Amino acid sequence: MARRRPDPLRRFHQARWDEEMIYELSVPGQRGVLVPRAEKAVVEAVGDGVSAIPDDLRRVRPPALPEVSQPRIVRHYARLSQETLGADITPDISMATCTMKYSPKVQEHIAARHPGLTEVHPLQPGETIQGILAILYRLERFLCEISGLDHFSFQPGGGAHAIFTNAAIMRAYHAARGEAGRDEIITTIFSHPANAAAPATAGYKVITLLPDEHGVPDLKALKAAVSERTAGLFITNPEDTGIYNPHIDAYVQVVHAAGGLCAYDQANANAVLGIARARECGFDLCHFNLHKTFSAPHGSMGPALGALGATAALEPFLPVPRITCDGQRYALDHDHPLSIGRVRSFLGNVPVALKAYAWILQHGFEGLREAAICSVLNSNYLEAEVCHIPGVTLPYARGQRRLEQVRFSWEKLREDTGVGTEDVKRRIADFGLQHYWTSHHPWVVPEPFTLEPCESYSKEDLDEYIGVLRQIANEAYADPEFVKNAPYNSSIHRVPEQFVDDPDRIAITWRQYLKKGWAQRQTQG
Amino acid sequence: MDRPKLGLVINPIAGIGGRVGLKGSDGPEILRLAMVRGAAPQAAARAAEALRAIVPLGDRIEVLTWPGPMGADLCRQLGMACRVGRGLGQGPTSGADTEAAARWIRDEAADLLLFAGGDGTARNVCAAVGEQIAVLGVPAGVKIHSAVFAVTPASAGIVARRFLEQTSRRCRPAEVMDIDEDAFRQGRVCARLFGSLCVPEDPSRLQGAKVGGGGGTGQGIEGIVATIVEQMQADPDGVYLIGPGTTTRAVKERLGIEGTLLGVDVVYGGRMAAKDADERTLLEWVADRRAYIIITIIGGQGHLFGRGNQQISPAVLRRVGTAHILVAATTEKLIGLGGRPLWVDTGDAELDRQLEGHIRVVTGYRSYTLCRVGR
């Protein structure tokens, strides 16, 4: 057993470099790599290479790339990396609903180095990528077993993309039945908001249900919401609160009775792996985020994969190509006339599928189930301890255990001290922990924070996290302004919150930065 | 550059009724009762808490205030230089004094008016300056229903200081609410919208922000307005009765119509047909035309009908038909109800029964939230 720290809190100070942006380091003529000139034989065969490109495709001006020497580039990015808190240097308990479990390095190694994956071209014929197709085919069978559904597609490049694709499948299904007038999607306020946003992007009207006094969606409201306009229901369970809805099948039945379809958002399926399945709840569609539940790393917007599951009745509408197997050879099948078509180029994010495949093989059925049980136990322990911290409350479903994640509230702390969840969140960075996630906006639970310890973290990790929250709560009661002015040990001391959503102030590219005049303002100011 | 100017107005008797159980300090009789019961003024102490963040600014800002207990005394006590307006008479201060002070501070082109008081004081400030200058409330009254107050006096000071120090300042309209005094003293809560003030944008330190995240509200309202306007365009021959509130006002703004904030306006053919109409006028407009009612939820009580929009009487509602009611509200406002249903109290029990059940509330662009309606 590891040495027990007498004090779980770590003294921490993050690097803070007064580092320029890469464009500001640019010196005309400097190069990181000197590209060798082509050999004589090559020049004779293809000329200068550039003139082979048609005039109208050749760019007139060279791209405005920074010109920086190699050591300076390396130093630049090494410094920036020191100013972040990566998943591998902090127990990532903070980001509930994101399922930030540990990603075993062996998978990274294979995905980054195996020539069967790194040296293939996306346009290679199916016969020459049998290994990749075999992995996708077998992974599909695994996920069918895990969900109980009949088919999977690996095209969507993320959870919201999978929800969008599910909405497109619903539309194709209703249209094929002559019910194209079904233009309404129902979701709940505690489901991941992509369940509202992605169908809206697909052109649907969206109706959101509020929770009842037990914290689960109001079944009476669902009954009032369904009609001949209902295309489908998009729902999470357990929802973002961590509360499991034991009567989910009744909700599915209400929608089915009205002629709608039901899609189960299982992006985060950590609480139910090997325990409960979409099939038994009656769902027609589901999706798993392989970059959450199935361990592929996650964050910074990708790479991701929203594996989409469907019942046999919806199989004709799935995106193409589908992967088939005649018992010996694998092939890509495009011949599905009712298919919604492609939703992504080529085969999707294959390295993510590979990591999920490896993770399932490492665990086996019992291992998956154990992962679910451990993640819930970890969360239950965290919940019990965090609820004893002054200023913390647990809204809804009093006395009822949450599953793999919990949405807590600092409402009492704010009433008592004026210190709210955003303040605590900033202070956490001073202890070398990832700032936590509050909740989606707008907040339904006042002053929320949502934690999910997954199965990867030890009791020592949890105790450290609990210790930090308790310390900050104590500080808030003793000296609220101290917490409100945090962080002190982080690379950025104060985030100008009033302006972070101001379009005039946001510049996420160098070009925007120049266009909005910020380069000049910096020099003058 | 000129020094930033801070206006300061203290309602010295705000909050006086609270600790002696009188629920507010409005009116001379209540004030006398409160004094008899041994009430001690709280507002100056609350304002002092707020000013703790301001004092270190020293002469980098200019402070404008009103004589005696309305600001000048406290400034002197805290060693803050200030310019004092003229106008306070003898005897206890009143709402008229607050209004005079606010007007003077506006005329002196203050960057921010900081007032210490409650909902009643907010109403006075609103009546005097409306949305003409930035205003922030230091919570010092018994009743704090308006969204114009900081969460604590200390927070008010911090918001004010940051606001004064910034060169680019963001404000948003915030509703001034008050409750029916007599009903409240009899134990019934009945909130009313009185107008709106322009407050600094700082979601973590302002009242009403506890259900909100940064930046979401504005987008929500834009989507709501677009959806309502689409629905109006779908039936251009309809008559639209638009009820009070900032959300419905935004619909009128989009249509280029200058309506009322507190009354019911009639829009027909894309134009204002009757401004601030009474029940009789509404009945005339809906008598032989297809009509719709567009309303929002007022404040934290969740009343749809029967509070603040009684012009939309049972007769008007019956004529329009319950299927033609469009309710719009931001998700933040619905969440602010804390799980309570929406309410109807039209005065017609049969009609109230018909309105019961669930209603779709427009909460964003083609987005709806299903809400329970009770009575």
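From a predicted model like this one, the values you see are computed outputs, not experimental measurements. Letters A, B, ... are given to chains in the order of the sequence lines, protein chains preceding strands, and every chain is numbered from 1.
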For this session: Answer yes or no: are there more than 12 heavy-atom neighbours, outside His493(A) itself, under 6.0 Å from its atom NE2?
Result: yes
For this session: Take Thr369(B) and Leu210(A) through the side chain to side chain contact (heavy atoms under 4.5 Å, CB included) test and state the conclusion after the steps.
Result: CA-CA 7 Å; Thr369(B) 297; Leu210(A) 299 171; 3.6 Å; yes
Exercise. More than 12 heavy atoms of other residues, nucleotides or ligands under 6.0 Å from CZ of Arg161(B): is that the case?
Worked result: yes
Exercise. Where on Ile189(A) is there a heavy atom nearer than 4.5 Å to chain B: the side chain, the backbone, both, or neither?
Worked result: side chain
Exercise. How many angstroms lie between atom CG of Leu209(A) and atom NE2 of His358(B), to the nearest 0.5 angstrom?
Worked result: 8.5 Å
Problem set entry | Any residue meeting side chain to side chain contact (heavy atoms under 4.5 Å, CB included) with Ala110(B), in chain and number order, not counting sequence neighbours | Lys5(B), Leu64(B), Ile105(B)
Exercise. Hey, is CG on Leu78(B) packed in by over 12 heavy atoms from elsewhere, all under 6.0 Å?
Worked result: yes
For this session: Identify, with sequence neighbours excluded, every residue that meets side chain to side chain donor-acceptor pair (under 3.5 Å) alongside Thr331(B).
Result: none
Exercise. OG1/Thr208(A) to CG/Leu334(B) distance, rounded to the nearest 0.5 angstrom?
Worked result: 10.0 Å
Seminar exercise, completed: Nearest heavy-atom contact between Leu370(B) and Ala225(A) is CD2-CB, 3.6 Å
Exercise. Can you check side chain to side chain contact (heavy atoms under 4.5 Å, CB included) on Arg360(B) and Ile207(A), steps first, answer last?
Worked result: CA-CA 8 Å; Arg360(B) 285 184 186 188; Ile207(A) 299 150; 3.2 Å; yes
Exercise. With respect to chain B, which residue among Lys220(A), Lys223(A), His440(A), Glu213(A) yields the maximal number of heavy-atom pairs within a distance under 4.5 Å?
Worked result: Lys220(A)
Problem set entry | Part of Asp218(A) within contact of chain B (heavy atom distance under 4.5 Å) | side chain
